[in-house]
Structure formats: C-alpha cells, structure tokens
Amino acid sequence: MSDKTVHSDSAFMARRDAARDRIDALTGAKGGAADDRLAWFHTVYREAGGDPAAVPWADLAPKQAIVDWLAENPGNGKRAIDIGCGLGDNAEALAAAGYKTEAFDLSEDAILWAQKRFPDSFVSYRAADLFQLPSEWLAAFDLVQECYTIQALDGDLRTKAIEVMAGLVAPGGQLLLINRSQDETGAAKGPPWPMKPSEWQRFETFGLTMVREEFYEIERPGRIIPHVRAVFFRKW
Ligand SMILES: C[S@@+](CC[C@H](N)C(=O)[O-])C[C@H]1O[C@@H](n2cnc3c(N)ncnc32)[C@H](O)[C@@H]1O
C-alpha cells in the first residue's frame, strides 16, 4: 500500500519539521500522566492556528489501507464510527463508501476544523472523549474504525482504549484496526508506540474474533514503517 499525501510536498514538510520542535517540547508530548497526554492533543490542535502542517499526523487524505478495505467492504447504509477522527479524512472515506458515519475526537478544535474542511459532509462529527462516551454508543456500530489512536496512547490509556473500542461493536459488526506495528520483542521508542500482536489480540478478550490480519510497510525518507491492518468480528 502506498500513500502520496502531504509527505511529498517539501514546503509543507518543512513547516511540519519546524512545528515538531515546538510540539515535542510541550508537557505530555512524550506520554506520561494520562491528563497531560490528553491535554497535549488539545494543545496541538489549538496552537496549530489552522495550519495542518502543525498537526503531525494530518495527511489531508484518507489512509490508503482504509480506502482499499472499503472498496471491498461498502457500507450500504450500515452504521460506522471513526475514533479519534482528527481532521476527518478517514471519516469522509467511510461516508463515501456508503456508511452512515459518526466521527469523534477529543479536541473540539479538531472537530470544528473537520467541519470547516468538509462543509457538505454527510458525517456526523462531535467532540467526545473515548473514555467518557455516550452510553447509547455501546454495541451500536456495524463498523468501528480505529486508525493511529491506540499507537498515540501509552500506559493505562492504551490498555483501556482497546476495551472501550471493542465495546462499540454491535453484534454482527466489525472493527477495522490500522496502526504501526512491531513484533513481540520490539522496543520502539514512542510516541507513536507501535502495537505488538499481543496488544491487538486483546480485542479477542472483549468478545471479538480476529478474521483478518495483514502486515504492510509505509516508506518515509530514510525509513520504512511497519503497519498492521486487522479486522475483528463480533458474533453476538
Ligand atoms: C494520531 S491521531 C490520528 C488521527 C486520525 N485517526 C488519523 O488516522 O489520522 C490520534 C487522534 O486521537 C485523538 N484522541 C486522543 N485521545 C483521545 C480520546 N481520549 N478521545 C477521543 N479522541 C482522542 C487525538 O486528538 C487525535 O486526533
């Protein structure tokens, strides 16, 4: 799977590199206390001043791994949710593939920004904290889409995130997971913290069954980044 996005725009990437030094110096940038980490996401969006180059994960395009999967798995009106939707590109891809899509992010600024980018969107965007979700979302979605949020969390937040995400999948529904990966012995320094197989296998302890697991790489200047795309199913 290849992706040509902002990463081939040298001016954009120069601004991103400049922003990274400032962002990395903020409290919570390297993980640590849960409140600091969550506050860090708010700060990144707020201080970006409307420049997506200052949001390190903003590709301004849906992830190719999602687009490819959606081509084989159209929504036909089924209900989907995009977790940690950021500036909205993946959520828009879900809606374009025929899913009745809801999308949320911790950051109100991110949500307003996504709505501004996609004024005619069919996606229902809202600010919400993964760890304090509306109870009506429990077991409510035919497709739960998680891309790069788990790898952005560490410690208890990460452990809890897997349980909460699994709880959103309706009987007969699926969870699509896309994250950086490393093998069980890996010790990659985060953030982001690549997932290990034992971590994504934990979805199975919350009633899901893994039905697909694929590994792929994304090339960036001077490095190759291993990824996993896994699909889980809830029978009941
Ligand atoms: C690395 S970004 C990934 C964004 C997007 N999913 C993508 O693929 O580009 C992680 C996102 O998760 C959001 N996030 C982090 N903690 C969250 C929480 N507790 N509840 C909801 N969103 C959260 C962040 O604000 C950020 O937008």
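These numbers come from a predicted model, not from an experiment. Just follow the structure's listing: the first ligand is 1, and inside any ligand the first atom is 1.
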Heavy atoms only: give me the nearest [X]-[Y] pair and the separation to one decimal.
{"X": "Y148", "Y": "N179", "value": "CA-OD1, 3.7 Å"}
{"X": "L87", "Y": "A58", "value": "CD1-CB, 3.9 Å"}
{"X": "M210", "Y": "A230", "value": "SD-CB, 4.1 Å"}

query = Between the candidates F104, W57, F41, which shows the shortest non-hydrogen contact distance to atom 24 (C) of ligand 1?
reply = F41

query = Nearest to atom 22 (N) of ligand 1 by heavy atom, L106, I111, D129: which?
reply = L106

Keeping [X] on the side-chain end and [Y] on the backbone end, is there a donor-acceptor pair under 3.5 Å?
{"X": "D59", "Y": "A61", "answer": "no"}
{"X": "Q182", "Y": "P194", "answer": "yes"}
{"X": "E146", "Y": "T149", "answer": "yes"}

ask   = Got Y99 and L70 here, is their nearest side-chain heavy-atom distance under 4.5 Å?
value = yes

Which ligand 1 atoms are under 4.0 Å away from a heavy-atom of [X]?
{"X": "G86", "result": "27 (O)"}
{"X": "F131", "result": "19 (N)"}
{"X": "A128", "result": "20 (N), 21 (C)"}
{"X": "Y45", "result": "25 (O), 26 (C), 27 (O)"}

query = How long is the span from the CD atom in E214 to the CZ atom in R229, to the nearest 0.5 Å?
reply = 4.0 Å

Ligand 1 N/O within reach of [X] N/O, cut-off under 3.5 Å:
{"X": "K63", "value": "yes"}
{"X": "N90", "value": "yes"}
{"X": "G84", "value": "yes"}
{"X": "L38", "value": "no"}

Of the protein's non-hydrogen atoms, which lies at the shortest distance from [atom], and what is that distance?
{"atom": "atom 25 (O) of ligand 1", "value": "D105 OD1, 2.7 Å"}
{"atom": "atom 10 (C) of ligand 1", "value": "T149 OG1, 3.8 Å"}
{"atom": "atom 1 (C) of ligand 1", "value": "Y148 O, 3.3 Å"}
{"atom": "atom 20 (N) of ligand 1", "value": "L130 N, 2.8 Å"}

Within 6.0 Å of CG in D156, more than 12 heavy atoms from elsewhere = no

ask   = Does A58 approach ligand 1 within less than 4.0 angstrom via side chain, backbone, both or neither, non-hydrogen atoms only?
value = neither

message = Contact between ligand 1 and P192 is defined here as a heavy atom of the residue under 4.0 Å from a ligand atom; is it met?
response = no

note = With E102 as partner, the option from R126, R79, K78 fulfilling salt bridge (charged side-chain N to carboxylate O under 4.0 Å, His left out) is R79

